[in-house]
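Below you'll find the structure, written out as structure tokens, and then a few comments.
This structure is a prediction, so every number in the text was calculated from the model and none was measured.
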There are 2 protein chains.
Amino acid sequence: MASASVEDYLKAIYLLQTARTPATTRGLADGLGVRMASVTGMVKQLHAAGYVRHERYRGVQLTAKGRRLALRVLRRHRIIELFLSKVLGLPWDEVHEDAEALEHAASDRVIERLNTLLGSPAFDPHGAPIPHGDGTISPLNGRLLSDCEVGHRGRILCVSDKDPAFLRYLAGIGIRIGLRFRLVDKAPFDGPLAIHAGRKKIVLGHPAATRVLVSPP
Amino acid sequence: MASASVEDYLKAIYLLQTARTPATTRGLADGLGVRMASVTGMVKQLHAAGYVRHERYRGVQLTAKGRRLALRVLRRHRIIELFLSKVLGLPWDEVHEDAEALEHAASDRVIERLNTLLGSPAFDPHGAPIPHGDGTISPLNGRLLSDCEVGHRGRILCVSDKDPAFLRYLAGIGIRIGLRFRLVDKAPFDGPLAIHAGRKKIVLGHPAATRVLVSPP
DNA sequence: TTCCAAAATTAGGCTTGCCTAACTTCGTCG
DNA sequence: CGACGAAGTTAGGCAAGCCTAATTTTGGAA
């Protein structure tokens with residue numbers, strides 16, 4: 001059985017790769033809240049266990065085995081988030097932390113029962129797809145808000161679950177949204193954005209905006 | 001925050017004390033599946049943290065602080081067991097292990113929501129009382145089957161949750177039960193017992209029987 | 001092209017909680 | 001009483017995962 005740490009690292013690597021950012025030592029250290037030296041150490045272990053490929057001074061890449069485990073962890077995480085939100089009635093913007101702890105303690109049996117109880121849902125409370133039991137996952141075909149042109153309209157498909165205040169700010173999944181202008185009109189992918197979300201006008205700092213997927217036009 | 005290990009030790013000490021057996025190094029080592037030396041080491045830590053009193057070569061005793069934490073852990077454990085059994089539909093004799101893992105990962109908030117979902121239940125699936133949120137617990141006024149005289153009749157009030165096969169064997173909480181005879185008629189509290197439980201005739205080895213509480217006549 | 005800051009790695013250390021092996025204490029039985 | 005086996009403790013070690021400090025590599029800017 002993989003340790004909770006190993007599971008956390010694989011999940012973090014998967015999430016970075018999925019965001020089309022290479023899984024660097026720096027990125028993992030920031031994402032996991034540990035020092036870079038700790039990441040280097042754990043990466044060696046993950047490599048030895050066959051979970052990742054690693055080229056010194058380059059990032060890491062999940063092997064098929066690593067990806068499989070990462071998706072299993074992500075499945076647990078997202079099913080638990082949905083359970084906490086839908087069944088226990090916890091606010092959708094506050095379930096991440098609890099899920100983070102429970103995902104390492106819940107057995108496959110418990111997870112599959114929760115999945116049944118929830119009706120084999122396709123998405124978690126933040127719009128992220130729930131990996132299937134067979135180790136596959138359906139892609140989201142939205143665009144990053146930060147990649148969109150000014151004037152783009154759509155609906156919020158998916159947001160990061162890491163920051164409760166940010167989640168409350170965006171109001172919800174499925175909300176109509178429009179990109180009004182970029183407050184800093186420099187490079188296309190830099191600086192804050194102004195949007196309409198529902199009836200509110202919102203200004204998003206870039207790091208937040210990169211974590212918003214909107215539906216295609 | 002106390003570690004999962006600390007919580008497990010305190011829970012084990014509490015359970016031993018409640019069974020009116022002194023919490024010895026041996027008893028804790030057996031109950032927790034570790035070596036005696038490990039128990040001695042951890043007991044030092046528990047003492048330093050103010051959870052237990054300890055006299056060398058005698059057992060340990062919970063302080064008020066230790067008892068409070070033990071009851072919090074036990075509350076988590078029993079609420080989770082009931083949830084797994086009643087809401088997820090896991091067999092009542094198989095929920096112990098999953099609860100053991102989840103009790104260290106579930107936040108107070110999650111536990112209180114589960115408690116509400118379950119209707120603030122008084123007993124777990126094995127008939128054990130669920131400690132209250134305020135750190136108190138209602139006593140069970142039953143007798144240990146192994147303490148009863150031949151001929152005693154009553155209902156199963158509570159059984160240990162540690163051994164699934166044993167649980168299935170006993171059929172359930174509330175079942176009528178009668179002590180027929182002791183297979184070894186030596187000292188009153190020794191050797192296997194023969195009982196009627198429901199329609200079945202059952203032979204209990206002593207260690208199992210000591211974990212059965214029956215209602216008074 | 002060189003240089004420098006950021007990224008990455010190595011070396012070495014700390015904590016937790018477990019282990020084995022060796023020793024001490026306890027309590028029971030002859 | 002005395003001895004012996006079980007219970008308990010101490011000493012020393014190990015693995016996981018984190019840390020800091022020192023060193024190496026990289027890649028972009030002057």
Which is more 5' along DNA chain C, the nucleotide nearest B:Met42 or the one nearest B:Ala37? Just name the residue.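 Its nucleotide being nearer the 5' end, the pick is B:Met42.
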Contact under 4.0 Å: [X] side-chain N or O vs [N] OP1/OP2:
| X | N | result |
| --- | --- | --- |
| B:Ser5 | C:dT16 | no |
| B:Thr24 | D:dA7 | no |
| B:Thr40 | D:dT9 | yes |
| A:Arg35 | D:dT20 | yes |
| B:Gln45 | C:dG17 | yes |
| B:Tyr9 | C:dT16 | no |
| A:Ser3 | D:dG17 | yes |
| A:Lys44 | C:dT10 | yes |

Give the rounded distance in Å between these two atoms: [atom1] of [X] and [atom2] of [N].
| X | N | atom1 | atom2 | result |
| --- | --- | --- | --- | --- |
| B:Tyr57 | C:dT25 | OH | C1' | 5 Å |
| A:Leu28 | C:dA7 | CG | P | 13 Å |
| B:Met36 | D:dT9 | CE | P | 8 Å |
| A:Asp8 | D:dA16 | CG | C1' | 14 Å |
| B:His47 | D:dT9 | NE2 | C1' | 15 Å |
| A:Leu10 | D:dG17 | CG | P | 12 Å |
| A:Arg56 | C:dT9 | CZ | P | 7 Å |
| A:Glu55 | D:dG27 | CD | C1' | 16 Å |

Exactly one candidate in B:Leu117, B:Val87, B:Leu114 meets side-chain contact (heavy atoms from CB on, under 4.5 Å) with A:Val87; the answer is B:Leu117
With a cut-off of 6.0 Å (strictly less than), are more than 12 heavy atoms of other residues, nucleotides or ligands near CZ of A:Arg109? yes
When you compare the side chains of A:Asp8 and A:His104, does any donor N or O come within less than 3.5 Å of an acceptor on the partner? yes
Relative to the ring of B:His96, is the ring of B:His77 parallel (under 30°), tilted (30 to 60°) or perpendicular (over 60°)? perpendicular
Hey, what do you get for CD1 (B:Ile130) to CG (B:Leu71), rounding to the nearest 0.5 Å?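 The CG atom of B:Leu71 is 12.5 Å from CD1 of B:Ile130, to the nearest 0.5 Å.
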Pick base, sugar-phosphate or nothing for A:Ser38, based on heavy-atom distances below 4.0 Å to the nucleic acid.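 The residue A:Ser38 makes base contact.
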